[in-house]
Amino acid sequence: MGDRLTLITPAAHTFLNSTFANNPELLRRAKEPVVLVNPADAAARGLSTGRRVRVVNHNGYFLADVEVSDRVAKGVVASPKGRWPKLTTGGANPNAVVDERDADMGKGAVYHDNLVELELEPLV
């Protein structure tokens with residue numbers, strides 16, 4: 001499949017972190033979860049915009065639709081945070097792939113970046 005990719009989880013433009021992420025109108029505007037993938041990484045994996053993938057590592061996975069974009073660097077993927085798992089397709093969000101440990105600096109959360117792979121979700 002290739003090298004693992006660094007996942008970053010920027011703030012969603014539709015929600016305020018997870019506040020308002022249960023609002024039906026904001027959920028409609030947000031559409032389905034997406035993962036931005038650099039064109040080179042997408043080509044190496046046979047991915048195109050709109051294709052559903054599992055963003056996965058040893059901790060778990062979440063589902064997202066690919067958006068091929070040069071807004072992320074090669075080797076990096078981005079999926080906005082803030083969705084409620086129970087209101088998300090597949091029942092998981094980017095938190096599913098985050099280690100449950102403290103960061104080495106400052107003992108804060110480690111949810112802003114980690115290594116993942118992209119696996120094709122079977123078409124139904």
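Only heavy atoms go into these numbers, but all of them, side chains included; no hydrogens, no water, no symmetry mates.
Contact of the Val66 side chain with the Arg45 side chain is not registered, since no non-hydrogen atoms from C-beta on lie closer than 4.5 Å. Residues Arg83 and Leu27 have side chains in contact (heavy-atom distance under 4.5 Å, counting atoms from C-beta outward). Between Asn59 and Asp99, some side-chain heavy-atom pair lies under the 4.5 Å cut-off.
What you find for Pro80 and Pro94 is that their closest heavy atoms are O-CG, 4.0 Å. Annotation for Tyr61 and Ala92: closest pair O-CB, 3.4 Å, computed over non-hydrogen atoms.
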Test side-chain contact (heavy atoms from CB on, under 4.5 Å) applied to Thr89 and Arg52, step by step: CA-CA 11 Å; Thr89 302; Arg52 174 73 44 98; 3.2 Å; yes

Full working for side-chain contact (heavy atoms from CB on, under 4.5 Å) between Val116 and Val56: CA-CA 5 Å; Val116 298; Val56 62; over 6 Å; no

Chi angles and distances behind the side-chain contact (heavy atoms from CB on, under 4.5 Å) call for Val55, Leu118: CA-CA 5 Å; Val55 181; Leu118 303 178; 3.8 Å; yes

Donor-acceptor list for residues 70-77 side chains, cut-off 3.5 Å, not counting sequence neighbours:
residue: Arg71; atom: NE; partner: Ser69; partner atom: OG; Å: 3.2
residue: Arg71; atom: NH2; partner: Glu67; partner atom: OE2; Å: 2.7

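Within a 6.0 Å sphere centred on NE2 of His13, other residues, nucleotides and ligands contribute 12 heavy atoms or fewer.
Judged by distance alone, with hydrogens and angles left aside, the side-chain atoms of Ser79 form a donor-acceptor pair with the main-chain N or O of Val34 at under 3.5 Å.
The side chain to side chain contact (heavy atoms under 4.5 Å, CB included) search around Ala43 returns none, not counting sequence neighbours. Applying the side chain to side chain contact (heavy atoms under 4.5 Å, CB included) test to Leu26 and every residue at least two apart in sequence or in another chain returns Thr14, Phe15, Phe20, Asn23, Arg29.
Note on Leu47 and Leu7: same hydrophobic cluster, where clusters join Ile, Leu, Val, Met, Phe, Trp and Tyr whose side-chain heavy atoms are under 4.5 Å apart, directly or indirectly. Clustering ILVMFWY residues whenever any of their side-chain heavy atoms sit less than 4.5 angstrom apart, transitively, puts Trp84 in a cluster other than the one holding Val97.
Here CG of Asn114 is found 11.0 Å from CD1 of Ile8. Values are rounded to the nearest 0.5 Å.
For the pairing with Leu115, the side-chain contact (heavy atoms from CB on, under 4.5 Å) check across Asp3, Thr6, Leu5 returns one residue only, Thr6.
Note on Glu121 versus Arg54: salt bridge recorded, some NZ/NE/NH1/NH2 to OD/OE distance being below 4.0 Å.
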